[in-house]
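Below, chain A is the first sequence line, B the second, and so on; all start at residue 1.
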Protein chains: 2
Amino acid sequence: MPDLSRTPDDTAAVNALRSGVMRLSRRLKHQRVDESLSPTEMSVLGTLARCGSATPGELARKEHVQPPSMTRIVALLESKGLVGLEPHPEDRRQKVVRQTELAEAMLEESRRKRNAWLAELAGRLDEDEWATLRAAAPVLEKLAHM
Amino acid sequence: MPDLSRTPDDTAAVNALRSGVMRLSRRLKHQRVDESLSPTEMSVLGTLARCGSATPGELARKEHVQPPSMTRIVALLESKGLVGLEPHPEDRRQKVVRQTELAEAMLEESRRKRNAWLAELAGRLDEDEWATLRAAAPVLEKLAHM
DNA sequence: GCACTTTCCTTAGCTCAGGTAATGAGTTAA
DNA sequence: TTAACTCATTACCTGAGCTAAGGAAAGTGC
């Protein structure tokens with residue numbers, strides 16, 4: 001049972017959180033740096049950049065997506081030359097997905113563009129608001145992984 | 001031009017923010033309280049609860065959705081008895097969308113259920129993390145509205 | 001060593017929520 | 001009163017997820 005002392009008026013917080021996350025995610029879809037890449041495809045590339053390499057199943061679990069969806073995503077990324085597929089060294093059922101240098105370059109470029117978008121928005125927040133958001137980012141990620 | 005002094009390593013923050021928001025939004029889709037209501041439909045009800053009433057066009061702008069999409073959303077909500085449509089007092093092209101008592105009751109019920117889900121997750125965060133998230137919620141909403 | 005089960009990836013087909021383009025009705029301006 | 005514009009709508013399309021079902025490889029019991 002979680003700590004009940006923190007729940008008194010969390011109602012408002014969770015409503016704001018849910019609403020904000022949903023709306024922001026819709027806007028983020030429009031801010032994609034490469035028009036031909038969906039947000040989840042970008043997210044997979046980010047995961048690969050962090051983890052080095054992974055099997056499709058691992059990626060599906062990390063992205064909270066079903067295996068068939070990851071199959072299609074990986075196939076798309078491969079057709080664009082952003083990931084390579086290698087046979088798994090110990091299990092021939094599995095594959096190893098690894099990002100290419102092209103993906104690395106694209107991520108760098110996308111980081112640059114996203115910073116521009118962020119600066120545009122951050123400029124309209126005051127210092128405290130932005131500091132709050134910076135602090136919250138890793139917690140959001142943790143929450144998304146739970 | 002936004003304040004450049006805050007940009008040094010915001011790269012990491014914006015990446016975490018983007019990734020966290022996208023993943024969390026995907027999980028939130030699964031946590032819908034009423035299986036028959038999409039996240040945007042819920043969001044529209046929330047907006048109506050805040051604003052009282054609005055025209056479809058206003059709702060579309062607020063939710064960052066195109067007018068035809070809002071037409072369909074409003075039609076669905078009406079067919080479920082969650083909103084009512086009245087003629088606009090001054091402009092016969094427009095309509096006024098207003099939530100029903102049924103919607104009010106459903107929102108209350110959904111708040112209760114969402115709190116349960118939140119408590120489950122909050123119980124796994126430490127106090128500081130949760131405080132950070134609470135503080136960030138309104139900023140996220142503001143960001144989503146910018 | 002051979003069937004049985006499980007696991008991983010894939011294929012096929014579906015759904016749902018969004019978008020664009022085009023239409024119709026109502027309003028405003030010339 | 002005609003022209004241009006705005007709001008909502010209709011029709012159609014797309015994109016990204018899902019489930020169900022399969023095929024290949026690995027593990028398990030006899």
Side-chain angles (χ1 to χ4, degrees), chain A residues 19 21-32 34-45 53-80 83-98 144, chain B residues 21-32 34-45 53-80 82-98 144:
Chain A
S19 165
V21 165
M22 290 310 302
R23 289 202 184 122
L24 196 54
S25 78
R26 199 174 311 127
R27 300 203 59 190
L28 273 168
K29 283 183 187 175
H30 293 289
Q31 286 302 331
R32 59 179 66 166
D34 182 332
E35 281 305 316
S36 66
L37 240 51
S38 80
T40 304
E41 287 168 336
M42 284 300 297
S43 187
V44 167
L45 288 183
S53 66
T55 68
E58 286 167 352
L59 286 174
R61 281 187 292 277
K62 281 180 181 161
E63 301 291 328
H64 293 103
V65 153
Q66 293 303 308
S69 304
M70 191 49 68
T71 293
R72 192 163 28 76
I73 290 167
V74 167
L76 273 168
L77 289 175
E78 196 202 8
S79 76
K80 287 166 187 163
V83 304
L85 289 170
E86 305 162 9
H88 194 283
E90 294 155 12
D91 185 339
R92 281 187 294 169
R93 290 171 304 180
Q94 302 185 52
K95 295 177 178 176
V96 174
V97 186
R98 196 180 300 278
Chain B
V21 165
M22 289 310 301
R23 288 200 185 125
L24 196 55
S25 78
R26 199 175 311 128
R27 302 201 58 189
L28 273 168
K29 282 183 187 175
H30 294 289
Q31 286 301 330
R32 60 179 64 168
D34 182 334
E35 281 303 318
S36 65
L37 241 52
S38 81
T40 305
E41 287 167 337
M42 284 300 299
S43 187
V44 167
L45 288 183
S53 67
T55 68
E58 286 166 353
L59 286 173
R61 281 188 291 276
K62 280 180 182 162
E63 301 291 329
H64 293 104
V65 154
Q66 293 302 307
S69 304
M70 190 50 68
T71 293
R72 192 164 26 75
I73 290 167
V74 167
L76 273 168
L77 290 175
E78 196 202 7
S79 76
K80 288 166 186 163
L82 295 169
V83 303
L85 289 170
E86 304 162 10
H88 193 284
E90 295 156 11
D91 186 339
R92 282 188 294 171
R93 290 170 306 179
Q94 301 185 53
K95 294 175 180 177
V96 175
V97 187
R98 195 180 302 277

Strictly under 3.5 Å: I want the nitrogen or oxygen pairs between protein and nucleotides 3-6 of chain C, one per line.
none

Quickly work out the A:His88 NE2 to C:dT10 P distance and round it to whole Å. 13 Å
Quick check for you: to the nearest 0.5 Å, what is the distance between A:Leu59 atom CG and A:Leu77 atom CG? 9.5 Å
Let me confirm one number: the CE-CZ distance from B:Met70 to B:Arg61, rounded to the nearest 0.5 Å. 10.5 Å
Rounded to whole Å, how long is the line connecting atom CD of B:Glu63 with atom C1' of C:dG19? 16 Å
What's the spacing between B:Ser53 OG and B:Lys95 NZ if we round to 0.5 Å? 15.0 Å
Please name all residues satisfying salt bridge (Lys or Arg N to Asp or Glu O under 4.0 Å) with A:Arg93, sequence neighbours left out, ordered by chain then number. A:Asp91
Quick one: which protein N/O atoms are closer than 3.5 Å to N/O atoms of nucleotides 9-11 of chain D? Pair and distance per line, please.
residue	atom	partner	partner atom	Å
D:dT9	OP1	B:Lys95	NZ	2.3
D:dT9	OP2	B:Thr71	OG1	3.2

Phosphate OP1/OP2 of D:dA16: any A:Ser38 side-chain N/O under 4.0 Å: yes
Sequence neighbours excluded, the answer for side chain to side chain donor-acceptor pair (under 3.5 Å) partners of A:Glu86 is A:Arg98
Kindly write out the residues that satisfy side chain to side chain donor-acceptor pair (under 3.5 Å) with A:Glu63, not counting sequence neighbours, or none if the list is empty. A:Ser43, A:Thr47, B:Arg23
Which whole-number value in Å describes the distance from B:His64 NE2 to C:dG19 P? 11 Å
What is the separation between atom CD on B:Gln66 and atom P on C:dA22, rounded to the nearest whole Å? 15 Å
Rounded to the nearest 0.5 Å, how far apart are OG1 of B:Thr40 and NE2 of B:His64? 12.5 Å
B:Leu37 has an atom CG; how far is it from atom P of C:dT15, in whole Å? 20 Å
Once you build an axis from the first five pairs and another from the last five of the helix from C:dG1-D:dC30 to C:dA30-D:dT1, how far apart in angle are they, to 10 degrees? 10°
Could you report the tightest heavy-atom contact between A:Leu76 and A:Ser79, atom names first, then the distance? O-OG, 2.7 Å
Please report the distance, rounded to the nearest Å, between CD in B:Gln94 and C1' in C:dA25. 13 Å
Atom pair distance, as rounded to whole Å: CG in A:Asp91 and P in C:dC8: 8 Å
Interatomic distance where CD1 belongs to B:Ile73 and P belongs to D:dA8 [whole Å]: 14 Å
Is any side-chain N or O of A:Thr55 closer than 4.0 Å to OP1 or OP2 of C:dC9? yes
From CE (B:Met42) to CG (B:Leu82), nearest 0.5 Å: 9.5 Å
Which residue is it: B:Val44, B:Val97, B:Val96? I am looking for the one with a side-chain contact (heavy atoms from CB on, under 4.5 Å) to B:Pro56. B:Val97
Enter the distance from A:Glu78:CD to A:Ile73:CD1 here, rounded to the nearest 0.5 Å. 14.0 Å
Hey, which sits more toward the 5' end of DNA chain D by its nearest nucleotide, A:Glu41 or B:Arg61? B:Arg61
